[in-house]
Amino acid sequence: MPPPTLLHFLPMAPSISLFKSRDVAVIGAGAAGLVAARELRREGHKVVVFERERQVGGTWVYTPTVETDPLGADPSRHIVHSSLYASLRTNLPREVMGFLDYPFVSTGEPHRDPRRFPGHREVSLYLKDFVVGFGLNELIRFETEVVYAGLVEDEKWGVKSRSGNDAAIDVEEIFDAVVVCNGHYTEPRLAEIPGIDAWPGKHMHSHNYRTPEPFRDQVVVLIGSAASAVDISMDIAQVAKAVHIASRSVEAGILEKLSGNAVDNMWLHPMIESVQKDGTVIFYDGSVVLADVILHCTGYKYHFPFLDTSGIVTVDDNRVGPLYKHIFPPHLAPGLSFVGLLWKVLPFPMFEFQSKWIAGALSGRIGLPSQEEMMADVSAFYLSREASDTPKHYTHNLADSQFEYDDWLALECGIPGVEEWRKKMYQATAKNKKVRPDKYRDEWEDEDLTLEAQKDFARCRPNGGGDN
């Protein structure tokens with residue numbers, strides 16, 4: 001049975017006689033697309049969800065398949081959507097991960113993962129439970145890829161889609177609005193390395209990493225220091241001869257061996273200065289390593305190959321813009337919106353707040369500022385980023401202000417904001433991760449917050465199916 005839903009977060013159904021019902025295309029059936037579809041339907045809109053794959057879940061659907069280009073740079077390659085590796089466990093506790101009115105609790109079923117920091121399969125199953133609980137399957141067109149979405153007459157949107165069953169035929173439809181939920185973990189960002197074209201070793205991106213076995217007895221240089229870089233480096237270190245981590249957070253002149261209970265063959269370096277024809281890798285501190293593999297854990301690029309806005313929305317150094325509150329292009333609002341661009345956040349609750357706001361804006365229940373006011377807000381935000389020396393490609397990194405952002409959206413929607421226990425648990429997990437980088441998923445000291453979350457979850461109904 002799917003996990004229950006919380007009564008106190010369910011919005012009152014809007015009066016269809018007072019508000020407009022729109023025909024809305026949602027692109028993608030990952031976590032963002034699924035909660036967007038639910039909120040749009042709750043608001044009284046007619047929804048079609050286009051999903052390229054055979055099942056829901058987006059990036060949470062694991063596949064052992066990797067792309068033909070290990071760097072993910074060849075535009076003609078067959079694209080594999082997911083970037084999951086086999087050993088991945090969530091880096092957040094399940095209590096904070098779930099949607100606000102659909103807790104991510106253990107089902108107690110024998111084939112499920114009851115751990116507080118479960119493996120990726122459990123997240124995928126949770127999303128499938130969500131679909132069943134709210135009857136969303138009927139909205140989704142599986143194996144159907146959107147190849148074009150663009151503005152047509154009367155502020156409508158033309159959408160061309162292609163079914164996997166007949167790739168030669170494009171289906172053209174007209175919608176009042178398009179909600180883009182296609183994720184941003186598919187198009188790799190690569191570090192620039194002088195000399196890499198002549199370097200003889202293997203060169204790949206973590207998007208195509210699945211298991212450590214191919215790296216047995218090899219010397220691996222891994223670039224990056226974010227969550228996936230930490231996980232993958234420890235994964236590979238179990239079988240590799242040595243793992244050398246190149247990170248911008250390390251000052252030149254510092255070389256540190258990372259040792260602990262789990263591994264003793266990991267070394268920390270500053271970034272790579274250059275690589276040579278003889279296979280050596282030279283770091284900015286002057287240290288040299290003869291390596292077999294360079295593995296980029298360097299993040300991803302936003303990519304919307306199907307979207308035609310006549311240049312109104314652009315991606316410039318990984319800044320998607322201009323977007324009001326990272327969601328609406330002022331000159332196309334509310335007809336075009338984006339869910340899930342932000343990173344270093346609690347994703348699922350944020351998707352839910354964004355989706356509620358979009359649904360209300362489309363019906364007319366929630367008003368948006370004028371185009372001029374929205375553009376002024378965007379400009380002020382960009383100026384604040386520049387003043388704080390934040391790189392442009394960090395535009396959508398909202399880590400330090402995510403809860404303020406969520407609570408602002410909640411206020412606009414007229415609903416409660418993020419629970420205090422959820423905020424505290426997120427912060428406690430971040431601190432615990434620094435203290436126990438290799439054990440934080442299995443050892444913690446926030447039992448009081450866990451009990452508070454469970455009390456909150458107890459105010460629930462048997463299932464989510466009764467309120468679509």
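We count residues from 1, following the sequence as given.
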Give the intermediate values and the outcome of side chain to side chain contact (heavy atoms under 4.5 Å, CB included) for residues W157 and L336. CA-CA 9 Å; W157 287 84; L336 179 64; 3.6 Å; yes

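- Scanning for salt bridge (charged side-chain N to carboxylate O under 4.0 Å, His left out) contacts around K431 gives an empty result, with sequence neighbours left out.
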Determine, stepwise, if the pair Y394 / W343 fulfils ring pair (Phe, Tyr, Trp, His ring centres under 6.0 Å). CA-CA 9 Å; Y394 272 51; W343 51 284; 5.2 Å; yes

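- With sequence neighbours left out, the side chain to side chain contact (heavy atoms under 4.5 Å, CB included) criterion links Y148 to K160, D308.
- In this view, E153 satisfies the salt bridge (charged side-chain N to carboxylate O under 4.0 Å, His left out) rule with no residue, not counting sequence neighbours.
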Does H296 form a ring pair (Phe, Tyr, Trp, His ring centres under 6.0 Å) with H203? I'd like the steps, not just the answer. CA-CA 8 Å; H296 296 250; H203 192 210; 4.6 Å; yes

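- Taking the ring centroids of H326 and F381, they lie under the 6.0 Å cut-off.
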Would Y440 and F117 count as a ring pair (Phe, Tyr, Trp, His ring centres under 6.0 Å) here? Give the steps. CA-CA 9 Å; Y440 74 95; F117 293 76; 5.8 Å; yes

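- In this structure P437 satisfies the side chain to side chain contact (heavy atoms under 4.5 Å, CB included) test with no other residue, sequence neighbours excluded.
- Pairs engaging residues 83-94 under the side-chain hydrogen bond (donor to acceptor under 3.5 Å, both in side chains) rule: S83-H207, S83-Y300, Y85-D231, S87-D235, R89-D442, R94-E122 [sequence neighbours left out].
- Between Y126 and F130, the angle of the ring planes lies from 30° to 60°, which puts this pair in the tilted group.
- For E138, the salt bridge (charged side-chain N to carboxylate O under 4.0 Å, His left out) partners two or more places apart in sequence, or in a different chain, are R41.
- The aromatic rings of F348 and F99 lie parallel to each other, their planes meeting at an angle below 30°, with 60° marking the opposite boundary.
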